[in-house]
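As structure tokens, the structure follows; a few thoughts come after it.
When a ligand or atom number is given, it counts from 1 through the structure's own listing order. In what follows, residues are counted from 1 in the order of the sequence shown.
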Amino acid sequence: MWIGVVSLFPEMFDALTQQGVVGRAVEKQRIALEFWNPRDYATDRHRSVDDRPYGGGPGMLMKVDTLRSAIFAARERAQQATGLVPTVIYLSPQGRKLDQQGVQALASAGPLVVVAGRYEGIDERVVESDIDEEWSIGDYVLSGGELPAMVLIDAAARLIPGVLGHQDSAVEDSFNDGLLDCPHYTRPEVIDGRQVPEVLLSGNHAAIKRWRLKQSLGRTWQRRPDLLEGRTLDAEQHKLLNEFIEEHAL
Ligand SMILES: Nc1nonc1C(=O)NCc1ccc(Cl)cc1
């Protein structure tokens, strides 16, 4: 997967590329990550990359010409590297809320150019003319688009074949099948008098699989009933959820 990043702080992305799943994916060339910094296109003595907002008000906006030059360069490179026209993504609280389905769509959308903004925003005409999709990672205000960009890249990278060690860990991840994750346990067997559920020590893999599905269904019902709304459960899942509800009926 080819991802271009437009950012004034490309070094922030070291957090993504220097270790972990995405780091290994970049090393194994499952993901190509390239950066364009608008500051490299600044022509004035101060190398300015911000500009004042029409209509006044506090704060600055990203300077249009340096931002657009960086986006164009990234777009050009994407086509040269992949032969495909990239999808240009802009992260902001005004965007479409990112969820696992959105991540799956972006991970299979061909090359991406991700625009990480700074200051108070970018000119609306740049959004209209150069941005294909605007996405939000949540309803809160951050200081820039770099962290949201890293969230998106990390989530998408996990879905690229061969990126995760054992592929099934991606499958069993919560939200992969639209349910919350089941509880997890590891050594020691007892923590402050709390024991590991017997079934997990039984070696009965069918029972363990069943227990985990029941827990996922039950926790989703308890904590995020909205996730169950758009979903039809098969007979087995209905049975497990009903068992869970009976066991947890107050
Ligand atoms: N929440 C979010 N989901 O995606 N992005 C955000 C966010 O707060 N971005 C901050 C931001 C975005 C653009 C610019 Cl120019 C400046 C700051």
Side-chain angles (χ1 to χ4, degrees), residues 1 3-17 21-22 31 33-42 44 46-75 78 86-109 111-159 173-175 224 226-227:
M1 181 177 189
I3 301 175
V5 175
V6 172
S7 168
L8 290 167
F9 301 106
E11 67 282 357
M12 282 183 71
F13 290 79
D14 288 354
L16 208 59
T17 58
V21 167
V22 178
I31 302 170
L33 209 51
E34 296 190 38
F35 297 90
W36 280 267
N37 187 336
R39 194 174 296 282
D40 294 338
Y41 298 89
D44 63 313
H46 301 289
R47 300 192 70 211
S48 48
V49 288
D50 60 342
D51 211 341
R52 295 170 54 233
Y54 282 119
M60 301 289 274
L61 299 177
M62 292 193 77
K63 195 168 185 306
V64 166
D65 63 345
T66 48
L67 174 61
R68 295 194 87 191
S69 298
I71 295 173
F72 295 162
R75 188 197 289 270
T87 304
V88 183
I89 308 285
Y90 173 56
L91 283 313
S92 85
Q94 287 72 44
R96 175 183 158 189
K97 188 68 69 56
L98 187 67
D99 59 12
Q100 193 65 19
Q101 281 181 312
V103 172
Q104 276 159 0
L106 290 171
S108 49
L112 299 180
V113 172
V114 182
V115 178
R118 278 278 157 171
Y119 308 110
E120 301 312 307
I122 70 176
D123 190 295
E124 192 60 18
R125 292 163 295 175
V126 174
V127 177
E128 289 163 4
S129 64
D130 305 328
I131 302 296
D132 297 313
E133 298 181 7
E134 198 165 354
W135 287 85
S136 167
I137 64 164
D139 297 331
Y140 35 81
V141 180
L142 301 168
S143 319
E146 283 78 12
L147 287 174
M150 286 190 260
V151 164
L152 190 159
I153 293 167
D154 184 276
R158 297 173 59 78
L159 301 180
D173 272 7
S174 64
F175 280 107
R224 293 290 307 278
D226 58 298
L227 294 177

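In terms of protein heavy-atom proximity, atom 9 (N) of ligand 1 is nearest to Gly144 O, 3.7 Å. Closest protein heavy atom to atom 14 (C) of ligand 1: Gly117 C, 3.5 Å. For atom 16 (C) of ligand 1, the nearest protein heavy atom (residue, atom name, distance) is Tyr119 O, 3.2 Å. In this structure, the protein non-hydrogen atom closest to atom 3 (N) of ligand 1 is Ile137 N, 2.9 Å. The closest protein non-hydrogen atom to atom 12 (C) of ligand 1 is Leu91 O, 3.5 Å. Summary of contacts: the protein heavy atom closest to atom 7 (C) of ligand 1 is Pro93 CD, 3.6 Å. Taking atom 13 (C) of ligand 1 as the reference point, the nearest protein heavy-atom neighbour is Tyr90 OH, 3.4 Å.
Heavy-atom contacts of Ser92 reach the following atoms of ligand 1: 3 (N), 4 (O), 5 (N), 6 (C) (cutoff under 4.0 Å). Counting the atoms of ligand 1 from 1 in the order shown, those under 4.0 Å from a heavy atom of Gly121 are 15 (Cl). Ligand-side atoms of ligand 1 in range of Val141: 8 (O), range being under 4.0 angstrom from any heavy atom.
Nearest heavy atom pair, residue Gly145 against residue Ala116, reads C-CB, 3.5 Å. Among all heavy-atom pairs drawn from Val115 and Tyr90, the shortest one is O-CD1, 3.6 Å. When all heavy atoms are compared, the tightest approach of Leu8 to Glu146 is N-OE2, 3.9 Å. Considering all non-hydrogen atoms of both residues, Ala42 and Ser48 come closest at CB-O, 3.8 Å.
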**Request:** Please lay out, stage by stage, how Lys97 and Asp139 fare under the test salt bridge (charged side-chain N to carboxylate O under 4.0 Å, His left out).
**Result:** CA-CA 8 Å; Lys97 188 68 69 56; Asp139 297 331; 3.1 Å; yes
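A side-chain N or O of Glu133 and one of Trp135 form a donor-acceptor pair less than 3.5 Å apart.
Not a single heavy atom of Met62 sits less than 4.0 Å from an atom of ligand 1.
Residue contacts with ligand 1, taken as heavy atom pairs separated by less than 4.0 Å, involve Pro148 solely via side-chain atoms from C-beta onward.
Annotation: Ser143 places no N or O atom under 3.5 Å from an N or O atom of ligand 1; distance criterion only.
The distance from the CG atom of Asp14 to the CZ atom of Phe9 is 14.0 Å, given to the nearest 0.5 Å.
In this structure Arg68 satisfies the side chain to side chain donor-acceptor pair (under 3.5 Å) test together with Ser129, Asp130, sequence neighbours excluded. Listed by chain and residue number, Lys63 satisfy the side chain to side chain donor-acceptor pair (under 3.5 Å) test with Asp65 (two or more places apart in sequence, or in another chain).
Around atom 8 (O) of ligand 1, the closest heavy atom drawn from Leu147, Leu152, Leu142 belongs to Leu142.
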